[in-house]
Amino acid sequence: MSFQDDLTFSLTIIGSRSQYTIASEDVVSLSAEMTVFGFEAKLGFWCKVDDNGNDIFSEMVSLKQSEIRVSFESILKQPEDKPDPLMLRGPITTKSIEEFTFNDVSERPVLYRFFEVEFTDPASVYWKEHYPSEIHVSTSMSDVIDGHCPDGLKLTKLWPGLEEVNDTIAIHLPPDNGASFYDFIMWYTDTNDGSINYDNQSNTYYMLPLKPTGADSEKLPYGIVDKLKIIQPRIPRHEVSVLNSYTEESKKSSIEQSYSVSGIRHDHLIRTSISSNFTIKESLEESRLRQPGNELLVELKDFPWLPYAPGCAIETSQTDWPETVYNYNEEMKVKEVKFSISSFEKEPDISNKNDSVVCDISISLLLEERTCMYVNFPKYTPPTYPLLAEGKVISEVGEDSDTSFNLYTNDETSLDYYSIYVPCWNKEVPVLLECDYLPPHFFFPAYRDARVMLSFGLNKAEIQRFIEFGPRVQMPMDSQGNHILFGFNKQSQTAISHMYVDNKPILDIERNTEGESELIRFSDGTILIQTESDESSLSSSSGTDLTPNAEAAKADATIKSQAGMADATAVFDDTKDAVQDDLNTAKDDCSSAMDDAEAVIDEKMSQATAVVEGAASQLGETAAALETSFLDLKSELQAQLSL
């Protein structure tokens, strides 16, 4: 039902350069839907061109942001202790301008313009267009939110949980996923059992740990009530279970509620090694399992002289309320307000200047029980995780060029973690050390400067995968090889490689440290064990040195290509028998002379060296690499000399 009343308006346009005031008689219409989270409103007004109309027009056609501030109250039947008039203030979202001329005016200039604008609360405008993706380290959610409050958005945080410092906070709101920062705030508040209240009078938002019950209540006279309707919202019928899948702390907790249906539940699955985290999650979900109460829709037939904005407390205990009416003598709280105001004057008033406007008004209030702690959030789109970003592993062990790893320990949890630098946001992120996709008997920690892909949840980061091979690890395609590399650098490392030469597999285990190297090679019919020093001297297990010339021939053969390997093999086969005879002779001579004197050993070794040089000279005449065949010869030589 609508009713009539004389209203006075206070209307100001807050532009980018100045402020403009619109007279009450120029207001044509005002309507709004208000909740505890904000409002949406629509306003229509006239503006005379010669009365700052051109300035307002210039402001309104500009694409720069401007705001509306409007309040209204009745001028009739005002009580002595009347409340402050209802105030709405917010950014303009849409505008339309209609220009009017008059036939009886020469040249028909534009004399009046009709403006119609839509505006809403600041968070609904700014945060719904805000889609950040970023990470924060060692900070609180309070500080994160402060960094996203633009000018004109006032926020007061009275929620202690927002001040808790988190190791990591990731905001992931890509525009394509549809969740804005407004959605994120609603989702975060809802899932963490908080509350948001918008105070339209001060144009301020409040983030609270619990739903407020309202200030001192005001009595609602039954004489201004036109219609009452009892509304029962949808009642949650589920139970709640909290489960921990961590094998060493596996737990399940069931939480019942009065109106649940057997077998219907919400399962909240977590994985944590910290017992207190499970207890916190259990308490949180139990607290969130609240029930809404019945609501009362009240349509008014007269202007209410009481604070009736969302969040205000109202009593229905006044004596003129019938005792049989539902919620008689109950304290209620305003949940939503809807009103529509339309002036009877549909044309601009050229002659009169009035302080008030006769309007047709409809007002309805949606009330809920004052003690109801259930928060009915507006619809929101939950954010989508994970956030994926590249990082580089930090290590303080060894030199800057060393591929070393560094683990840190959390003082509170005693858990080990990496520190990983994320250049996109210039942050060092703690990442828990966990077993990766390899079986648990492999330990391959991430080393310095390794490029990794991090996967971020709201308060956790994990290594999803490694992005590139490490230095000196990748094998050439021709070798069809596999390679595992351990150690700090070229001067201190151990390598295990498997590759193909002439379609035959070769397995190498090589260790390098401080200018020395040891090699074990498994090839076709041969096992080679060798040791090298800085002087490139090769020694057998007995410590007897072979000649540097043999090592030079070996090195030369190693770096040659594999194209002529077949020719080298043929040459070797032709000379193998002769060389073998010489080696056998050298072995016999060395064995007999070893017991007599060191001189005899030197002489026999010289004979063996001559044989090796002859073989190396023949092999060097080929144009291809000689590595595998020569190493077979050398292996046999070492085996014979060691006897």
Side-chain angles (χ1 to χ4, degrees), residues 393 401 403 405 436-453 463-513 516-532 536 538 550-573 576 615-616 619-639:
V393 179
S401 59
T403 52
F405 70 92
D436 54 23
Y437 298 107
L438 294 174
H441 46 269
F442 286 89
F443 180 66
F444 287 94
Y447 54 75
R448 174 191 278 111
D449 291 337
R451 288 177 58 204
V452 295
M453 181 66 75
I463 295 178
Q464 185 194 61
R465 65 183 180 89
F466 293 87
I467 296 176
E468 66 180 0
F469 298 107
R472 312 181 309 280
V473 174
Q474 188 171 357
M475 301 284 283
M477 187 181 68
D478 291 345
S479 70
Q480 292 296 297
N482 306 108
H483 193 193
I484 301 176
L485 186 62
F486 309 89
F488 283 169
N489 47 51
K490 289 183 178 181
Q491 290 73 40
S492 179
Q493 67 180 21
T494 298
I496 301 176
S497 64
H498 180 276
M499 63 181 183
Y500 285 87
V501 177
D502 273 349
N503 293 322
K504 294 181 180 180
I506 295 177
L507 175 65
D508 282 353
I509 303 175
E510 184 176 5
R511 173 182 177 272
N512 295 309
T513 179
E516 296 182 356
S517 67
E518 291 77 38
L519 172 66
I520 301 176
R521 170 169 291 177
F522 300 85
S523 58
D524 193 21
T526 305
I527 299 177
L528 169 67
I529 303 175
Q530 75 174 33
T531 299
E532 291 181 322
S536 300
L538 185 66
E551 275 304 304
K554 174 256 181 183
D556 181 68
T558 300
I559 64 174
K560 294 184 183 295
S561 68
Q562 300 176 2
M565 191 59 68
D567 294 338
T569 303
V571 173
F572 175 76
D573 289 338
K576 181 177 180 180
L619 294 175
E621 294 176 358
T622 65
L626 197 55
E627 181 180 6
T628 302
S629 299
F630 179 78
L631 290 175
D632 290 342
L633 172 63
K634 190 186 336 180
S635 176
E636 294 177 9
L637 173 62
Q638 288 177 319

Q. About how many Å separate CD of Glu532 and CD of Glu516, when rounded to the nearest 0.5 Å?
A. 11.0 Å
(Q) Closer than 3.5 angstrom, by distance alone: can the side chain of Asn489 be matched with the main-chain N or O of Gln491 as a donor-acceptor pair? (A) yes
Q. Judged by atom type as modelled, is there a donor-acceptor pair below 3.5 Å linking the side chain of Ser479 to the main-chain atoms of Pro476?
A. yes
Q) Which pair of non-hydrogen atoms, one from Arg472 and one from His483, has the smallest distance, and what is that distance? A) O-CE1, 3.3 Å
Q | salt bridge (Lys or Arg N to Asp or Glu O under 4.0 Å) involving Glu518 - partner list, sequence neighbours excluded | A | Arg511
Q) Looking only at heavy atoms, what is the nearest atom pair of Pro471 and Leu485, with distance? A) O-CD2, 3.6 Å
Q) How long is the gap from CG on Leu519 to CD1 on Ile529, to the nearest 0.5 Å? A) 9.5 Å
**Q.** Approximate separation, where rounding is to 0.5 Å, of Ile496 CD1 and Ile520 CD1
**A.** 10.0 Å
Q | Neighbour count >12 (heavy atoms, 6.0 Å) for atom CZ, Phe469 | A | no
Q. What pair of heavy atoms forms the shortest contact from Leu507 to Ser497, and how long is it?
A. CD1-O, 3.3 Å
Q) After noting the C-alpha distance and the side-chain angles of Lys490 and Asn512, does the key distance pass the side chain to side chain contact (heavy atoms under 4.5 Å, CB included) rule? A) CA-CA 7 Å; Lys490 289 183 178 181; Asn512 295 309; over 6 Å; no
Donor-acceptor pairs under 3.5 angstrom involving side-chain atoms of residues 444-452: please list them, not counting sequence neighbours.
unit_1 : atom_1 : unit_2 : atom_2 : d
Arg448 : NE     : Ser395 : O      : 3.3
Arg448 : NH1    : Val397 : O      : 3.2
Arg448 : NH1    : Glu399 : O      : 2.6
Arg448 : NH1    : Asp402 : O      : 2.8
Arg448 : NH1    : Ser404 : OG     : 3.1
Arg448 : NH2    : Ser395 : O      : 2.7
Arg448 : NH2    : Val397 : O      : 2.9
Arg448 : NH2    : Glu399 : O      : 3.4
Arg451 : NE     : Glu390 : OE1    : 3.2
Arg451 : NH1    : Glu468 : OE1    : 3.2
Arg451 : NH2    : Glu390 : OE1    : 2.9
Arg451 : NH2    : Glu390 : OE2    : 3.0

Q: Applying ring pair (Phe, Tyr, Trp, His ring centres under 6.0 Å), run through Tyr500 and His498 and close with a yes or a no.
A: CA-CA 7 Å; Tyr500 285 87; His498 180 276; 5.4 Å; yes
**Q.** Any residue meeting side-chain hydrogen bond (donor to acceptor under 3.5 Å, both in side chains) with Gln464, in chain and number order, not counting sequence neighbours
**A.** none
**Q.** Nearest atoms (heavy-atom pairs only) where Ser517 meets Glu510
**A.** CB-OE2, 4.4 Å
